[in-house]
Amino acid sequence: MSHYNPLIERALEGNMLALGRLARIIDDGEDGAGEIIRSIYRRAGRAHVVGITGPPGAGKSTLVNGLVRRCRKEGRKVAVLAVDPTSPYSGGAVLGDRIRMQEHATDPGVFIRSLATRGHMGGLSRSAMPLTILLDAVGHDLIFLETVGVGQEEVEVKDLAHTKVFVTVPGLGDGIQAMKAGVLEIADILLVNKADLPRADLTVRDLETMVKMAEGDRGWTPPVLTSVASEDVGLAEVMSSLTDHYRFLLDSDFLHAWSLSTAEAAVREAMRGAAEAGIMDLLERERAAFAEDVGKVSLREEDPITVARRWLAKLGLRDD
Ligand SMILES: Nc1nc2c(ncn2[C@@H]2O[C@H](COP(=O)(O)OP(=O)(O)OP(=O)(O)O)[C@@H](O)[C@H]2O)c(=O)[nH]1
Ligand SMILES: [Mg+2]
C-alpha cells in the first residue's frame, strides 16, 4: 500500500486534478514516482500509444489537436504528451502547444502536458515512459506523444509508441532527410502535412518510392498519406490508418514482441534508477569514510577503480 493510494483512487475515478498531481510527481522525478508506478502498473496495457514525429513546424500539434477532436467525438479518452527539445531550460510547459490545444483545455476527457527533454538524449523526456504508464492506467484510450525529429533522436519513440507517424512537409529533400534519419525503418505511417503547399505530390511520390525500396519483412507497408491539418483535411484517413495499424499489431506477434522489449527497457531503466539512488544514499550515509577514500585517490595512494569497486561491494553490486 502506498500513501499515494487516495490520490490514485481519485485519478482512477477521472479526477483531473489528482491525475495532474500524480503526473507532476512523476515528471519532477520525486521519490514518490516509483511508488506510483508500482501501484498502477498492472492496470496499464490497454492504451494505444501513438508517436507523432517530424521536423519543427511541420504541423504536429495542429494535427494532434485535430485527431484529439475526432477521438472526443467518438467519446474516447485521450492524452497528449508533447516533448519540446528546443527549450531544455524551460523545465516545463511549452506555451505554444498550450495555446494550440486550448480548445480541449476544459475537457475532462483530454489530458495534455508538455515536457522538456532536460538533456536526456533520445528525443523523449525520461519521464515520458512512466507518464505513459500512468495515463494508460487511468483509462486513456489513446496517448499521443509529440516529438520533434531531428537526426536520430526520435528513434527512442519506438520504445513507447505502438504506432509511429512521421510527419513531413512538401519541399526540397524531405524524402532524403527521412532516409538519413532512419525514419523509414521505424515509421508505420508517413504523412505529408501542409499538402496545400506546392509540390506536395512530389514529396508523396518520393516517399512512396522509398517505402517500396525499404520494404522489409514487417508485414506492414507504411501508407503515405496527405493532410492539411490546419483545415481538418485528411485527418479521417489518418485516424483510420492508426486504427488499422493497431489492429495489425493485435492480430500479429508484433505486439507481443514489442511488449517484451518495452518491458525490458522499463526494467533496465528502473534498475539503473535504483542503483543510482542506492549509491547516492550510501555516499550520504558514509560521507566521512568516502571523503577519506577520495583523499587517498587524489594522493595516488589508491586508484579510482579499486575504490569504486570496494564501495559498490557495500551495495552487493561487486564482489571481486
Ligand atoms: N499551410 C498550412 N499550415 C499548417 C498546416 N498545419 C499546420 N500549419 C501551420 O504550421 C504552423 C506550425 O504548426 P504546429 O502545429 O505548431 O507545428 P509543430 O510541428 O507542432 O511545431 P513544433 O512543435 O514547434 O515542432 C502553424 O502556424 C500552423 O497553423 C497545413 O496543413 N497547412
Ligand atoms: Mg508542436
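In what follows, residues are counted from 1 in the order of the sequence shown. One-based numbering, in listed order, for ligands and for the atoms of each.
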Under 3.5 Å, side chain of Thr306 to main-chain N/O of Glu302, donor-acceptor pair present?
no

Going by an N to O cut-off under 4.0 Å, is there a salt bridge joining Arg272 and Glu269?
yes

Metal proximity, Thr62 vs the Mg ion (ligand 2), N/O/S cut-off 2.8 Å
no

Proximal atoms of ligand 1 relative to Thr62 (non-hydrogen, under 4.0 Å):
7 (C), 13 (O), 14 (P), 15 (O), 28 (C)

Atoms of ligand 1, numbered as shown, that sit under 4.0 Å from any heavy atom of Pro56
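Selected atoms, number and element: 25 (O).
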
Distance-only N or O hit between ligand 1 and [X], under 3.5 Å:
X	answer
Gly57	yes
Ala58	yes
Gly59	yes

Applying a strict 4.0 Å limit to heavy atoms, is Glu231 in contact with ligand 1?
no

Angle between ring planes, Phe248 versus Phe254, binned at 30° and 60°: parallel, tilted or perpendicular?
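Because their plane-to-plane angle lies in the 30° to 60° range, the rings of Phe248 and Phe254 count as tilted.
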
Taking the six-membered ring for Trp, are Trp311 and Phe290 parallel (under 30°), tilted (30 to 60°) or perpendicular (over 60°)?
perpendicular

Are Val224 and Val228 connected, step by step, through hydrophobic side chains (Ile, Leu, Val, Met, Phe, Trp, Tyr) whose heavy atoms are closer than 4.5 Å?
no

